[in-house]
S.K.: 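Got a structure here, written out as structure tokens. Questions coming.
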Amino acid sequence: MSETVTTAPPPAPPPRERGLTRRTWTLIISFLVVAALGLLGGFARVPYVALGPGPTYDVLSKVKDTDVVSVEGQDTFPTKGSLRMTTVSLTDDVSLFGALGLWLSGRYALAPREEFFKPGESEEEVQKNNELAFSESQTAAEVAALHYLQYPGMVIANQVTKGSPADNVIPLGARIISVNGKQVQSAADVSGALENTKPGDRIEVAFEKDGTSKSTQLTLGTRDDGRPAGFIGISPVDRADVPFKIKISLTDVGGPSAGLIFALAIVDKLTPGELNGGKAIAGTGEITGDGTVKPIGGIAFKMVAAKEAGATAFLVPSANCQDAKQQAPDGLKLIKVENLKDAVSSLEALNANKDTPSC
């Protein structure tokens, strides 16, 4: 009897391990590139700052239960409506993607960081300079408003240069009465009194400090700016000479551009009636002690902020008019101002439904 025997085939070899396909490698590399770009765009900083509409403040009202503008020691008159100072927001430390998003929003603009931060200058130094400019704008607003209202003024030695003829002779904060025989009624009178002098000339300076009047002879020095006139060594500034105190209470704001609005608020509080006629008014402009209104930056953003805050009219420094006219939001009336007197008369005309100077 025969037996059939079958022979089993030899076992198959184990499968080879196959490497990643080209497609898989492409997907992995693409993912890594996208991830790297995402990290770069999200964290890499660009040398730009973003500018946009900042907060507005009604200087006729209160902030944190404190009057923005207050007068102590003098009767004031009630005000109505709003008078808004406007600001520009500045965003530093902007990432690549952040900058792109802000720009695409149409609400912000990008500007080189070096235009706002000098090389080697820290953010703390920039903040300190902005706060100083803001403080000086308050002083200028007070002087301009009280000068407009015909209150008496005085000139103070705000700084005394070390090593100058005035050093250790004219004390800091002294009231300057006369220079070279000419009465001093404004800071400009000091330089005017020295116009025809030269280094080495002897002149007389009269001043008052702590209620005591003095007169001294000085030998004029040489100016650093190359001008031929003699040099005393004081930085004169205008101050109001009034028996009451004006206080402006606003924090976390910098720069000089609120001067015009502060001056108008002071005028409004010290005169009867509502200067703005109870309307919602906004504006901007640096102001000098004699009431001149100087141009500012960021006018387009400030107008947007004013419109969003409900303002119906906006006070524009005349030198900013061209830009303002091209970028003004619909429905915002532009009023051109050269000085504080212009601003007051324009608001009175607006209140009486009369024509006002326009950009």
S.K.: Run the ring-ring contact (aromatic ring centres under 6.0 Å, His included) check on Y57 and F262 step by step: do they pass?
M.R.: CA-CA 11 Å; Y57 302 90; F262 284 146; 9.5 Å; no

S.K.: Do Q127 and E131 have a side chain donor and acceptor closer than 3.5 Å?
M.R.: yes

S.K.: Could you grab the distance from atom CZ of R223 to atom OG of S191, nearest 0.5 Å is fine?
M.R.: 8.0 Å

S.K.: Under the side chain to side chain contact (heavy atoms under 4.5 Å, CB included) criterion, do I281 and L350 qualify, and how do the steps go?
M.R.: CA-CA 10 Å; I281 307 297; L350 185 68; 3.7 Å; yes

S.K.: Answer whether the closest heavy-atom distance between the side chains of P165 and T219 falls below 4.5 Å.
M.R.: no

S.K.: Under a 3.5 Å distance rule, please check whether S135 uses its side chain to pair with a backbone N or O of L132 as donor and acceptor.
M.R.: no

S.K.: To the nearest 0.5 Å, what is the distance between CD1 (I176) and CD1 (I232)?
M.R.: 7.5 Å

S.K.: Going by heavy atoms in the side chains, are I287 and L340 under 4.5 Å from each other?
M.R.: yes

S.K.: Could you pull out the closest heavy-atom pair between A280 and S82, with the gap in Å?
M.R.: CA-OG, 3.3 Å

S.K.: For T284 and K302, which I'm curious about, is there any donor-acceptor pair between the side chains at under 3.5 Å?
M.R.: yes

S.K.: Please check this pair: side chain of N276 against backbone of K80, looking for a donor-acceptor N/O pair closer than 3.5 Å.
M.R.: yes

S.K.: Mind listing the closest non-hydrogen atom pair of G230 and T197 along with its distance?
M.R.: N-OG1, 3.1 Å

S.K.: What pair of heavy atoms forms the shortest contact from A157 to P171, and how long is it?
M.R.: CB-O, 4.1 Å

S.K.: Rounded to the nearest 0.5 Å, how far apart are CD of E286 and NZ of K294?
M.R.: 4.5 Å

S.K.: So for atom CD, which belongs to Q322, do other residues, nucleotides or ligands contribute more than 12 heavy atoms lying within a distance under 6.0 Å?
M.R.: no

S.K.: Is there a path of hydrophobic side-chain contacts, each under 4.5 Å between heavy atoms, that joins I335 and V267?
M.R.: yes

S.K.: Verify the cluster assignment for V337 and V316: are they in a single hydrophobic cluster under the rule of side-chain heavy atoms below 4.5 Å apart?
M.R.: no

S.K.: Should V155 and D238 count as side-chain neighbours, where that means a heavy-atom distance under 4.5 Å?
M.R.: yes

S.K.: State, to 0.1 Å, how close G289 and V143 come at their nearest heavy-atom pair, and which atoms those are.
M.R.: O-CG1, 3.6 Å

S.K.: How about NZ on K209, more than 12 heavy atoms from neighbouring residues, nucleotides or ligands closer than 6.0 Å, or not?
M.R.: yes

S.K.: Would you tell me whether T212 and D210 have side-chain atoms, one donor and one acceptor, within less than 3.5 Å of each other?
M.R.: no

S.K.: Are K333 and T356 close enough that some pair of their side-chain heavy atoms sits under 4.5 Å apart?
M.R.: yes

S.K.: Only pairs at least two apart or in different chains count here, so list each salt bridge (Lys or Arg N to Asp or Glu O under 4.0 Å) that has a residue in residues 182-199.
M.R.: K198-D201

S.K.: Just by modelled atom types, is the K341 backbone N or O under 3.5 Å from a matching donor or acceptor in the S345 side chain?
M.R.: yes

S.K.: Where the side chain of D323 meets the backbone of A300, is there a donor-acceptor pair that is under 3.5 Å apart?
M.R.: no

S.K.: Please say whether more than 12 non-hydrogen atoms of neighbouring residues, nucleotides or ligands are located less than 6.0 Å from CD in Q185.
M.R.: no

S.K.: Could you tell me if the side chain of E338 sits less than 4.5 Å from the side chain of V293, heavy atoms only?
M.R.: no

S.K.: Given L220 and L194, is the side chain to side chain contact (heavy atoms under 4.5 Å, CB included) satisfied, shown in steps?
M.R.: CA-CA 9 Å; L220 297 178; L194 299 174; 4.2 Å; yes

S.K.: If you compare all heavy atoms of T86 against all heavy atoms of A306, which two are closest, and at what distance to 0.1 Å?
M.R.: CG2-CB, 4.0 Å

S.K.: Show your working on side-chain hydrogen bond (donor to acceptor under 3.5 Å, both in side chains) between Q183 and S178 and close with a plain yes or no.
M.R.: CA-CA 4 Å; Q183 292 297 306; S178 66; 4.5 Å; no

S.K.: So, do K214 and V205 sit near enough that their side-chain heavy atoms are less than 4.5 Å apart?
M.R.: no

S.K.: To the nearest 0.5 Å, tell me how far L275 CG sits from I266 CD1.
M.R.: 12.5 Å

S.K.: Roughly how far, to the nearest 0.5 Å, is CG of N158 from CG of L172?
M.R.: 7.0 Å

S.K.: Just wondering, do L146 and D241 contact through their side chains at under 4.5 Å, heavy atoms?
M.R.: no

S.K.: Crowded around D225 CG? As in, over 12 foreign heavy atoms under 6.0 Å?
M.R.: yes

S.K.: Check step by step if side chain to side chain contact (heavy atoms under 4.5 Å, CB included) holds for L264 and L260.
M.R.: CA-CA 6 Å; L264 287 169; L260 170 62; 4.2 Å; yes

S.K.: According to a hydrophobic-cluster definition based on side-chain heavy atoms being under 4.5 Å apart (Ile, Leu, Val, Met, Phe, Trp, Tyr only), do L250 and V69 belong together?
M.R.: yes

S.K.: Between D58 and R84, is there a side-chain N and carboxylate O pair less than 4.0 Å apart?
M.R.: no

S.K.: Once salt bridge (Lys or Arg N to Asp or Glu O under 4.0 Å) is applied, what residue pairs with a partner in residues 267-282 remain, sequence neighbours excluded?
M.R.: none

S.K.: According to a hydrophobic-cluster definition based on side-chain heavy atoms being under 4.5 Å apart (Ile, Leu, Val, Met, Phe, Trp, Tyr only), do M303 and L315 belong together?
M.R.: no

S.K.: Of all the heavy-atom pairs spanning P295 and P317, show the shortest one and how long it is.
M.R.: CA-CB, 4.0 Å

S.K.: Decide if the gap between the ring center of F244 and the ring center of Y151 is smaller than 6.0 angstrom.
M.R.: yes

S.K.: If you define the side chain from C-beta out and look only at heavy atoms, does anything of R175 sit under 4.5 Å from I156?
M.R.: yes

S.K.: If only side-chain N and O atoms count, and only distance matters, is there a donor-acceptor pair under 3.5 Å linking S215 with E204?
M.R.: yes

S.K.: With side chain to side chain contact (heavy atoms under 4.5 Å, CB included) as the criterion, how do F231 and T222 come out once you've worked through the C-alpha distance, each side chain's angles and the decisive distance to 0.1 Å?
M.R.: CA-CA 5 Å; F231 176 67; T222 302; 5.9 Å; no

S.K.: Spell out, yes or no, whether F77 and I248 are grouped together once hydrophobic residues are joined by side-chain heavy atoms under 4.5 Å, including indirect joins.
M.R.: no

S.K.: To the nearest 0.5 Å, what is the distance between NZ (K247) and CD (E72)?
M.R.: 6.5 Å

S.K.: Should D342 and K336 count as an ion pair when the cut-off is N to O under 4.0 Å?
M.R.: no

S.K.: Could you tell me whether the side chain of D67 and the main chain of K62 form a donor-acceptor pair under 3.5 Å?
M.R.: no

